[in-house]
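Model, not experiment: these values are computed from the prediction.
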2 protein chains.
Amino acid sequence: MPTIKQLQYLVAIADHRHFRRAAEVCNVTQPTLSAQLKELELRLGATLVERSRSSVVLTSTGREIVARGRRVLAEVEEIRALARLANQPMAGTLRLGVVQSLGSYLMPLIIPDIHAREPGLRLYIREGLPKQLLDQLEDGAIDFLFFPLPVERRSLAALPLFEEPLLVVAPINHELAASRSVSGTQLRGENLLTLEPGHRLYEQVRILADEYEARLSHDYEGTSLDTLRQMVAMEIGISLMPALYVRSEVARETLVMAMPFDDEAPARTVGMVWRKGAAREETFRILARHVRTILSRDVPEVRVIEEDKTAAP
Amino acid sequence: MPTIKQLQYLVAIADHRHFRRAAEVCNVTQPTLSAQLKELELRLGATLVERSRSSVVLTSTGREIVARGRRVLAEVEEIRALARLANQPMAGTLRLGVVQSLGSYLMPLIIPDIHAREPGLRLYIREGLPKQLLDQLEDGAIDFLFFPLPVERRSLAALPLFEEPLLVVAPINHELAASRSVSGTQLRGENLLTLEPGHRLYEQVRILADEYEARLSHDYEGTSLDTLRQMVAMEIGISLMPALYVRSEVARETLVMAMPFDDEAPARTVGMVWRKGAAREETFRILARHVRTILSRDVPEVRVIEEDKTAAP
DNA sequence: CATTTTGATAGTTTTTATCTATCGAAACGC
DNA sequence: GCGTTTCGATAGATAAAAACTATCAAAATG
């Protein structure tokens with residue numbers, strides 16, 4: 001198997017047609033270069049150079065190998081350049097995963113600004129179901145997540161970013177729709193629609209229904225937030241929906257109205273999740289700062305969590 | 001600077017996600033692989049792999065370097081494959097030079113047959129002036145020549161292939177045109193046209209003009225054999241032309257006639273020329289045998305020289 | 001003909017790559 | 001919860017490779 005240095009020596013010999021000058025360019029002595037060329041010819045089992053006193057000439061095999069040797073050296077140089085670039089924390093490509101109930105509403109708010117601040121960083125975004133995303137993060141198919149917290153996997157670290165309140169969504173002619181905000185007690189006896197089991201949101205709404213003595217509907221379970229909204233519009237019941245979804249899809253809807261809770265609104269926490277020991281942890285922390293800054297400035301619907309706090313050790 | 005082995009180890013780690021299995025595949029011990037990966041990361045100044053007990057994961061930089069590493073390994077494998085192929089004497093590409101007064105007439109006679117016999121060999125043919133070709137041969141721009149002999153360059157070796165007689169070419173109504181062959185004495189007093197000085201043919205015809213007491217024309221010197229032929233057709237004089245040219249260009253000409261000399265016709269020797277010490281000498285000798293065989297069978301106009309004899313030591 | 005220059009060889013030294021032995025830490029099975 | 005197994009890392013020793021200096025024979029040069 002040839003070595004990269006041997007290919008370097010061969011290319012230098014081809015360029016200079018002179019052993020001593022080639023050796024000089026490669027920063028070795030002439031006997032070293034001569035011996036390494038001989039070793040290369042031995043390893044390849046082919047004569048690459050015709051030696052003479054008038055001037056060194058490549059064989060036809062030598063010429064073809066020199067051409068490929070140049071490509072090898074160029075690619076090795078690309079590897080080195082890439083490594084130099086990647087040392088900058090905000091360079092390269094990262095794979096980001098987000099849950100379906102979040103991605104479409106959060107990404108448009110933050111991606112343009114992140115790209116403006118870090119043009120050298122490329123984010124490849126992948127949506128998926130919660131368990132699927134966690135599995136992919138753990139086995140390295142994804143680099144980090146925007147994900148509802150907490151996360152019960154010991155190999156993962158989590159950094160809370162913001163709290164996304166739930167809003168009360170009712171039909172336009174519902175008595176609650178006339179209120180600027182809603183207290184929990186006003187939900188008593190209401191028919192509460194929510195997503196089918198398996199979603200974090202379902203769990204949360206179930207708890208709230210118990211707390212406020214509302215009736216959790218089992219006759220009509222939505223498969224997505226959009227189908228929930230359509231059922232509310234048809235006056236089948238009311239629902240609780242995340243603030244970013246409301247801002248994106250409900251605010252301009254004419255058949256339903258979204259009202260915030262009074263103080264102490266129920267909310268879900270969204271954070272960044274990565275593998276403990278991840279090499280790009282610094283990158284993730286810088287990204288987290290950017291996300292907080294952007295949301296604080298542009299998105300009053302969520303409550304940004306400022307403190308830098310990672311779950312687990 | 002990374003080494004090829006280090007890139008191999010990295011690629012194996014990427015494929016197997018396990019240091020011990022990667023080491024096994026690379027035929028080294030696990031500590032060796034671990035240390036070499038560490039050394040690679042040191043040389044590149046970048047972390048390529050996240051180590052953990054659950055499973056090994058590449059960093060984003062690591063992934064990109066693995067992709068380029070695969071290309072490097074693929075190209076090195078191509079180099080090895082090329083070397084294996086080139087060990088066969090009749091493989092690869094050679095650059096052949098021929099003088100203008102020979103190439104167009106000799107190549108069509110021998111190339112198809114050579115290609116049939118040696119499909120793995122490619123000949124890149126270049127025409128040029130004699131001195132130019134010899135210079136290019138000496139400094140490696142050309143690999144070998146078909147060339148008139150002898151050649152006075154000590155760094156070159158020559159192998160005679162055939163003798164190409166000169167024929168008398170006269171206008172169709174010239175008295176010599178009625179003869180089946182011509183003796184030298186019949187040329188006495190004739191106006192002999194030939195190429196301008198600088199050509200081997202000029203020298204040869206000048207000597208013959210002296211010998212036969214013909215008049216070497218200085219008023220009309222041709223720049224090519226074609227222009228000579230046209231002047232003969234216009235009855236300006238007669239000329240002496242090489243047999244292969246005659247076969248190719250004169251035999252079907254209606255205004256001129258070509259007659260061979262009686263026994264002991266003047267001729268020029270054509271041979272193969274290469275650099276002394278050339279790596280492909282075996283290839284050249286095999287080619288020479290092919291050329292002799294083809295000409296013996298198909299081209300009675302030339303006298304093939306059978307003995308294997310190289311000029312100089 | 002003397003001197004210089006070229007690529008090759010021999011012996012030595014330095015550096016690198018590999019080994020074995022063993023480590024600390026985490027995962028696994030009972 | 002504890003003993004065992006497995007993982008990647010480290011230390012020291014050894015082998016191999018790469019580099020050096022000194023010098024060679026042969027050819028080119030002046």
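Between the side chain of B:Arg126 and the backbone N or O of B:Gly97 there is no donor-acceptor pair closer than 3.5 Å. Side-chain atoms of A:Arg43 come within 3.5 Å of backbone atoms of A:Met1 as a donor-acceptor pair (strictly under, hydrogens ignored). Judged by distance alone, with hydrogens and angles left aside, the side-chain atoms of B:Arg68 form no donor-acceptor pair with the main-chain N or O of A:Glu75 at under 3.5 Å.
What separates CD of A:Glu50 from P of C:dG7 is a distance of 14 Å, to the nearest Å. Atom pair B:Met1:CE and C:dT15:P shows a separation of 19 Å (rounding to whole Å applied).
Distance check: B:Trp274 CH2 to B:Leu159 CG gives 4.5 Å after rounding to the nearest 0.5 Å. Here A:Leu145 contributes atom CG and A:Leu137 contributes atom CG; the two are 4.5 Å apart, rounded to the nearest 0.5 Å. Rounded to the nearest 0.5 Å, atoms CG (B:Leu161) and CD (B:Glu306) are 10.0 Å apart. To the nearest 0.5 Å, atom CG of residue B:Leu123 and atom CZ of residue B:Arg95 are 12.0 Å apart.
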Before giving the answer on side-chain contact (heavy atoms from CB on, under 4.5 Å), spell out for A:Gln30 and A:Leu33 the whole-Å C-alpha distance, their side-chain angles and the decisive distance to 0.1 Å. CA-CA 5 Å; A:Gln30 176 269 320; A:Leu33 185 128; 5.7 Å; no
Using side-chain contact (heavy atoms from CB on, under 4.5 Å), reason through B:Val98 and B:Leu106 one step at a time and then give a plain yes or no. CA-CA 9 Å; B:Val98 287; B:Leu106 176 61; 5.5 Å; no
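Contacts between residues 5-18 of chain A and DNA chain D, defined by a heavy-atom separation under 4.0 Å, are made by A:Lys5, A:Tyr9. Within residues 19-45 of chain B, the residues having any heavy atom closer than 4.0 Å to DNA chain C are, in order of number, B:Val28, B:Thr29, B:Pro31, B:Thr32, B:Gln36, B:Arg43.
Using a 4.5 Å heavy-atom threshold, the side chains of B:Asp143 and B:Arg280 count as separate.
Each end of the helix from C:dC1-D:dG30 to C:dC30-D:dG1 yields a helix axis from five base pairs, and these two axes differ in direction by 30° (to the nearest 10 degrees).
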